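Have a look at the structure below, then the notes.
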Amino acid sequence: MTSTSYPHLLAPLDLGFTQLRNRCIMGSMHTGLEDRFYNYPKLAAYFRERARGGVGLIVTGGISPDRRGWLLPFGGTMNTLGDIWNHRKVTRAVHEEGGKIVMQILHSGRYGYQPFVVSASSKKSPISMFKPKALSESGIESTIRDYVRCARLAQKAGYDGVEIMGSEGYLLNQFLCARTNLRQDRWGGSIENRMRLPVEIVRRVRAAVGQNFILMYRHSILDLVEGGNSWDEVVTVAQALEQAGVTILNTGIGWHEARVPTIVTSVPRAAFASVAGRLKKAVGIPVVASNRINMPDQAEAIIARGDADMVSMARPFLADPEFVNKAASGRADEINTCIACNQACLDHTFANKRASCLVNPRAAFETELKYVKTTKRQRVAVIGAGPAGLSAATVAAECGHEVTLFDSNDKIGGQFNIAMQIPGKEEFAETMRYFKRRLEITGVHLKLGKRISQEELLAQGYEHIIVATGITPRTPRIEGVDHPKVLSYIDVLLHKKPVGKRVAIIGAGGIGFDVAEYLLHDPSTPLPVPLAHWFAEWGVDPQALQNGGLIAPVAAHPFRQLYLLQRKASKLGAGLGKTSGWVHRATLQRNKVEMLAGVEYRRIDDQGLHITVNGEARLLEVDNVILCAGQDSLTELMPNQPNEDGPRFHKIGGAALASELDAKRAIREGAELAASL
Ligand code: FAD
Ligand code: NAP
Ligand code: SF4
C-alpha cells in the first residue's frame, strides 16, 4: 500500500520473521463481546471489518491469563485448550482479510471488580471496592506460569503474537511502581526488584513461544500518579524488556486512577507523542506512540519526525474501520473522525454495556446494523440537518433511496455548530466535515436555508418524511426571566452576545457545564489550547523527572466569577459521562465556580438573581443570568392525525424526545431508521 501523502505511516515494517503492512496499530479496546463465547462471531465480524479497512496490526481487548486477573466476574480468559476455538473465529477472519492480530494479555490486579483480586501489596485502589490480596512468592510463580500458558494458547489459536499489558495501572504497573509495590522481598524495593515480574514474564513467554511470534509490551511511560516512576526508571525497565525478548514496545500514558485526563476530547491531539520519542532514543526495538491521535496527518508527522516507529489508535478504528484505506487512497477527508467523547465506548464499558461509537453506531454491531442496498428505491425527505437528520439522510442514500435533506439554517450540523464553540470541543467540527463529504458521496439533495412547511412536503410526493427538527431551548418560568441581563445559551455561544464578569448559570446539565467552560476561557489564550499551557494547567511534566510526571499545576486565575445552579439536591454533574464528567468538574473547581444544588429560583432583577438554597435566601449579584434549563422537542411538522394514503412520517433525535437527548442517540436513531426503510 503506498500513498504520497503518508509515506511514513503507510510504509511496511519488517520485523525480521514477519512484516506488518503499515505503521498503524488498532489499539486494545474492551468491547464486551470478548467476555462471552456466544459473542465471538460478532467479535470476528467486528475485527474482520477493521482488517479489511487496511490497519497494519490489531490488538484485541484484554484477555485475562487467569481468574484472579479478571477485570469483571467471568471476563474473557484464555487458560484452557477449550478457549482457543472461539478465538480461532477471530484470527481466521482477520487473516482472511490480509491483516495481523495480537491478543492482549491483561491481568487487572487491584483494578479488578471481583473478589479474587491480587496485587503487589494489599493496598486498595481508589477506583475499585475490592481490597487486593498481596501475591505470595508461589502466587507470583503461578501468575508467571499463567501468562506463559495464555501466550501459548494464543499462539495455538492463530494469533500473530501477544501484547502484554503493562500500563494504565494494571497488575504489572502495580509491581513496577513504589505507589503500589510496598514489598520488601526480591519483588519490591529497588527498580531492579520491582521490574522483576514483568521482565520475568516476558523472558519466559519468549522462551515458550519461540522467536517467530510478536511479543508486544505496553509500557507505562508517564504514570501521572504520585509514587509513579521517574524517567530513568522508565528507561531502565524498557531496556530490560528489550533484553528479555520484546519485539515492539507500545506505550501507555496515565493510570486509570490518575487525576490528569489523557484521552478525553479536551486533551490536545498527540499530546504525549514526544514522550514516546524520548523512549525511542533509548531502545533499539520499534516504539509505538499512543493517546489522542485521531487523524493520519498527525500520525504521519509523529513517525516522520522520529517520535515513534508506529502509531496506535484505538477509538479512531471504532469510528471508522476504513481509516487506513481512506488515508492510503487520498480520501482522508472521508474519515469519520473519533471526537474523543467516550460516550459510546469507554462510558459503555464502565457501565458494563457493549462498547460502540457515537459517530458510528455500527461499531461492534456489524452483524446487527447493516446498510444493505434496497431493491425498492423510495423518495425520502429528511427535515433537519443535525446529527439525527445527517445520519438518517446519508444511510438512506447509501442504501439506495432518493433522499432530500432540508434545513432552515444555511449550514448543516444543527447543535453541533454550537457545541464546537466550547473550548476543548473543537473535534466536533470533524463530524460535520465527515457528514458534508458523505452527503456529496451518497448524492443526497441538500436544501439549506429553507424552513419547509408540512403542506410543501405533502405536495412533493415523498414516501417517507423523517422529522429530525431537533429541539427548542426551554425558558423556565421565573419572575424577571425577560430582564435584559438574561441570556440563553444560544445567545452566548452562537450569537456571541456580550457577557459580564459575574454570571449565574441556571441549569447544570451538559450544556450548563459547557457554558461555564466557555465563559472561563480567557480569549487571549488561543484555541485549541497550546500543549505547554495544557501541561501547566494539569500539572504534567513530560520530562517525568519524578513522581510519574506529576508537578504542581499553575494556579488558576478565573476569567469570570461563576455560579452554576440546579434545583435537584444531587451532586452537580452527576449525569455527565463517567469517564469525562470528572474532568469538567475538576476544571470548574479549579476555577472556583460556586456549584449550588437544591436551588429555588425566586426572581431576577437589576440587583441580580434571588434564590433560596436550603431554606436560606441569597442574592447572587451578577451581571448576567444564562439559561441552560433543558429543551423541548420541535415537532411542528408532524401531522396531527395519521393519513393512511399519505407518506409515512417518522420522528428521530431531539424531535422524537428532548429529554436524555445526546448526539449518540440522535445518530443511532437516524441510522437505524434509515436502514429499516
Ligand atoms: P439538532 O442538532 O437540534 O438539529 C435539528 C436541525 O433541524 C437544526 O439544524 C435546525 O435548524 C433544523 N430545523 C428545525 N426545524 C426545522 C424546519 N421546520 N425546517 C428545516 N429545518 C429545521 N451531545 C453529545 O452527545 N455530546 C456532547 O458533548 C454534546 N455537547 C453539546 C454542547 C452544546 C453546547 C450543545 C448545544 C449541545 C451538545 N450536545 C452534545 C447535544 C447534541 O448536539 C444534540 O443532542 C444533537 O445535536 C441532537 O441532534 P438532532 O439532530 O436531534 O437535533
Ligand atoms: P439536561 O442535561 O437535561 O440539563 C438541563 C438542566 O436544566 C438540568 O440541570 C435541570 O436541573 C435544569 N432544568 C430543567 N428544567 C428546568 C426548569 N424548568 N427551570 C430551571 N432549571 C431547569 O440538558 P442540557 O444541559 O440542556 O443538555 C441537553 C443534552 O445535550 C443533554 O441530554 C446532554 O446529554 C447533551 N449534552 C451532553 C454533553 C456531554 O458532555 N456529554 C454536553 C452537553 C450536552 P434541575 O431540574 O435540577 O434544575
Ligand atoms: Fe471516539 Fe466517541 Fe466514538 Fe468513542 S464514542 S470511538 S470517543 S467518537
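The model shown is predicted, which means the values in this text are computed figures rather than measured ones. Note that ligands are numbered from 1 as they come in the structure, with each ligand's atoms numbered from 1 the same way.
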From atom 10 (C) of ligand 1, work out which of Leu457, Leu576, Asp407 has a heavy atom at the shortest distance.
-> Asp407

Could you check which of Gly386, Gly653, Pro387 puts a non-hydrogen atom nearest to atom 49 (O) of ligand 1?
-> Pro387

Report the residues that fulfil side-chain hydrogen bond (donor to acceptor under 3.5 Å, both in side chains) with Glu427, sequence neighbours left out, ordered by chain and then residue number.
-> Arg269, Arg292, Asn294

Going by the 4.0 angstrom heavy-atom rule, the piece of Cys338 near ligand 3 is both

Return yes when at least one N/O/S atom of Cys357 is nearer than 2.8 Å to atom 3 (Fe) of ligand 3, and no when none is.
-> yes

For [X], is at least one N or O under 3.5 Å away from an N or O on ligand 1?
X      : answer
Gln415 : yes
Leu493 : no
Phe428 : no
Ala663 : yes

Mark up the atoms of ligand 1 that fall under 4.0 Å of a heavy atom belonging to [X], in ascending order.
X      : value
Ile452 : 19 (N)
Gly384 : 6 (C), 7 (O), 12 (C)
Gly414 : 2 (O), 4 (O), 8 (C), 9 (O)

Has Cys345 got an N, O or S atom lying less than 2.8 Å from atom 4 (Fe) of ligand 3?
-> yes

Region of Lys450 that comes within reach of ligand 1 [heavy atoms, distance under 4.0 Å] = backbone

Does ligand 1 have an atom under 4.0 Å from some heavy atom of [X]?
X      : value
Ile667 : no
Glu636 : yes
Gly510 : no

Atom 40 (C) of ligand 1 protein-contacted (non-hydrogen atom, under 4.0 angstrom) = no

Those atoms of ligand 3 less than 4.0 Å from some heavy atom in Asn342 | 2 (Fe), 7 (S)

Under 4.0 Å from ligand 2, counting heavy atoms only: the protein residues, by chain and number | Gln343, Lys425, Arg474, Pro476, Ile506, Gly507, Ala508, Gly509, Gly510, Ile511, Asp514, Gln566, Arg567, Lys568, Tyr601, Cys628, Ala629, Gly630, Gln631, Glu660, Leu661, Asp662

